[in-house]
Amino acid sequence: MPRRSVGRRELLAGGAALGLTACVGAAAVPEPEPPTGDFITIDGIRLHYRIVGEGPKVVALHGASGNLRDWTAGPARVLTARHTALLFDRPGAGHSDRPERGENIFVQAALMRRAAAELGFGGAPLVGHSFGGSVALAWAVDAPDGVPGLLLLAAPSQVWPGGVGALYHFTANPVTGPVLTRLVPPLAGDNLVTRTLASIFAPQDPPPGYADGVDAALALQPAAARNNARDVLALKDTMRRMVPRYDRLTMPVELLHGDADTIVPLDIHSARSVDSLPDARLTILPGIGHMPHHAAPDAMAAALDRLRRRAGLRG
C-alpha cells in the first residue's frame, strides 16, 4: 500500500505541536499495569488473552480504546458467571501486538480466529461490544460455518452519515499523532480519563473503580491511542464493503442496544441491521447508553442464553 505524502499543513501542525511539547516539558504518560493473561503468537504477532469462568465457551471482543479487562472490571463479569470466556486484547490494543494493516477489522478477526482455534475455542459463539462487535461481524462474514451465533452489544453494523471527528484524524496522522498522544495525557491528567469514561457510559455512571479495574493507562499509551484512531478512521469504508455480505450470516444473531446511545446510535445501526441480517433479533434497552454489558448485565446474560437456545447449543 503506497505511503500518503505529508502535506504542508500537517507539517505546520506537527511543528506547532512539537513547540508546545518543548514548552510543557517532559511529563510522562502513565505506565500501565503488567499483563494479566497469557500470550499466543500467530504469524509472528503476539496476542494477549485470558480464559475466565466456567461453563459453555464464548469468545468476547472489547470495543475501541478498550482491552480485555473491560469484561472483568464491573457488572460485565456476569459473562463469566455461567460461561468460559476467551477474552482477547484486540491486535494493537492492550498488550497485543499490531500487525501490518492492523486497522482492517478482517485482519484483526483472522488473527483472533486462528488463535481461538488453537486455544480450543473454535466454533464458540462470539460476543462483541461496540468496535469489537464490528470485528465479530467480520470474523463471521469470513468464516460463517465456524460461528454458531453472534451477540452484538451497541455495535457499529451499518454505514453511517458523516465522519468521526477531527481528533481521530490528528491522532492517526503520522506527524501530529506521535506528538499529540504524548502531549495530551500528561497535560490532562486524571481529568482526561474521568471525562472520557463519563461520555462513554452516559447517561449512566461508570461502575465504581472501573478506571483502575480496566487499567485506563493502557488506552493512553501513544501507540495504542494511534492504533485506536486508525481503527476508527478505517471502519466506515470497511463497513461499506462488509454490509453487502450480510447474507452469509445465516446463524442466529442477538442485537442488544440502548436507545440512549449517542456514540453508536440505535436507529442508524442495530435498528437497520435487524432487517439486514437473515436471522437477527433486536432487544432495545430504554434509557441505556453505550455500555449495555455494564448498565444492563442481566439483559446481556439473557440474550446470550437466548442465542445458545436459538443456535441449538448445549449448556
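Between the side chain of D43 and the backbone N or O of I45 there is no donor-acceptor pair closer than 3.5 Å. Using modelled atom types, no side-chain atom of T80 and backbone atom of A85 make a donor-acceptor pair closer than 3.5 Å. D89 contributes no side-chain N or O that, together with a main-chain N or O of N67, makes up a donor-acceptor pair within less than 3.5 Å. In this structure, the side chain of H129 does not engage the main chain of H62 through any donor-acceptor pair within 3.5 Å. Panel note: side chain R90, backbone G66; no donor-acceptor pair is recorded below 3.5 Å. Although no hydrogens or angles enter the test, the distance criterion places no donor-acceptor pair under 3.5 Å between the side chain of R281 and the main chain of R306. With hydrogens and angles disregarded, no donor-acceptor distance shorter than 3.5 Å links the side chain of K57 to the backbone of G122. The closest donor-acceptor contact from the side chain of S130 to the backbone of A155 lies at 3.5 Å or more, if one exists at all. No donor-acceptor pair under 3.5 Å is formed between the side chain of Y49 and the backbone N or O of M112. Side chain of K236 to backbone of W160: a donor-acceptor contact under 3.5 angstrom is found.
One hydrophobic cluster, built from ILVMFWY side chains closer than 4.5 Å, holds both F106 and L233. At a threshold of 4.5 Å between side-chain heavy atoms, the hydrophobic network of Ile, Leu, Val, Met, Phe, Trp and Tyr places I105 and L151 in two separate groups. No chain of hydrophobic side-chain contacts below 4.5 Å, direct or via other Ile, Leu, Val, Met, Phe, Trp or Tyr residues, connects V214 to L87. By the rule that hydrophobic residues join a cluster once side-chain heavy atoms approach within less than 4.5 Å of another member, V107 and M242 end up as members of separate clusters. Under a hydrophobic clustering in which Ile, Leu, Val, Met, Phe, Trp and Tyr are joined whenever their side-chain heavy atoms come within less than 4.5 Å, directly or via other members, M239 and V274 fall into the same cluster.
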Derivation of the side-chain contact (heavy atoms from CB on, under 4.5 Å) call for L256 and I288 | CA-CA 10 Å; L256 203 64; I288 299 298; over 6 Å; no
Verdict with reasoning, V52 to W71, per side-chain contact (heavy atoms from CB on, under 4.5 Å) = CA-CA 10 Å; V52 186; W71 301 105; over 6 Å; no
Kindly determine whether L218 and H95 satisfy side-chain contact (heavy atoms from CB on, under 4.5 Å), including the steps that lead there.
-> CA-CA 8 Å; L218 279 169; H95 294 283; 3.5 Å; yes
Walk me through it: do D305 and H83 pass the test side-chain contact (heavy atoms from CB on, under 4.5 Å)?
-> CA-CA 10 Å; D305 288 345; H83 293 84; 4.1 Å; yes
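Counting heavy atoms from C-beta on, the side chains of P56 and L313 never come closer than 4.5 Å. The shortest distance between side-chain heavy atoms of R226 and R98 does not fall below 4.5 Å. Side-chain contact between L220 and L192: present, with at least one pair of heavy atoms (C-beta onward) separated by less than 4.5 Å. Y246 is listed as a side-chain neighbour of S157, based on a closest heavy-atom distance under 4.5 Å. When side chains are defined from C-beta on, V264 counts as touching H257, because their heavy atoms get closer than 4.5 Å. At least one side-chain heavy atom of R69 sits less than 4.5 Å from a side-chain heavy atom of E33. Using a 4.5 Å heavy-atom threshold, the side chains of R82 and L304 count as separate. Looking at heavy atoms from C-beta onward, S96 lies out of side-chain contact with L68 at the 4.5 angstrom threshold.
A pairwise comparison of heavy atoms in D261 and H290 identifies OD2-ND1, 2.8 Å as the closest pair. Residues A136 and L61 share a closest heavy-atom pair of N-CD1, 3.8 Å. Minimum interatomic distance between L150 and A140 (heavy atoms only, all atoms of both residues): CD1-CB, 3.9 Å. Residue D259 comes nearest to G287 through the heavy atom pair OD1-N, 2.7 Å, listed as atom of the first residue, atom of the second, then distance. For the residue pair Q108 and V135, the shortest heavy atom distance occurs at OE1-CG2, 4.0 Å. Pairing each heavy atom of P30 with each of A217, the nearest pair is O-CB, 3.9 Å.
Atom-to-atom distance recorded for I284:CD1 and S270:OG is 9.0 Å, nearest 0.5 angstrom. Between the CG atom in L255 and the CG atom in L153 there is a gap of 9.5 Å [rounded to 0.5 Å]. Note that CG of L285 is 11.5 Å distant from CE of M300, once rounded to the nearest 0.5 Å. Between L86 atom CG and L119 atom CG the span is 6.0 Å, to the nearest 0.5 Å. I200 CD1 to T196 OG1: the interatomic distance, rounded to the nearest 0.5 Å, is 6.0 Å. Interatomic distance, E254 CD to D279 CG, rounded to the nearest 0.5 Å: 9.0 Å.
Counting only N and O atoms by type, the side chains of D70 and H293 include a donor and acceptor under 3.5 Å apart.
F201 CZ: more than 12 foreign heavy atoms inside a 6.0 Å radius.
Classified by interplanar angle (parallel below 30°, tilted 30° to 60°, perpendicular above 60°), the ring pair Y210/H294 is perpendicular. A tilted orientation is assigned to the rings of F39 and H48, their planes being inclined by 30° to 60°.
Electrostatic pairing of D142 and R248 does not count as a salt bridge here, judged by no charged N lying under 4.0 Å from a carboxylate O. The pair R240-D237 meets the salt-bridge criterion, since a charged nitrogen lies less than 4.0 angstrom from a carboxylate oxygen.
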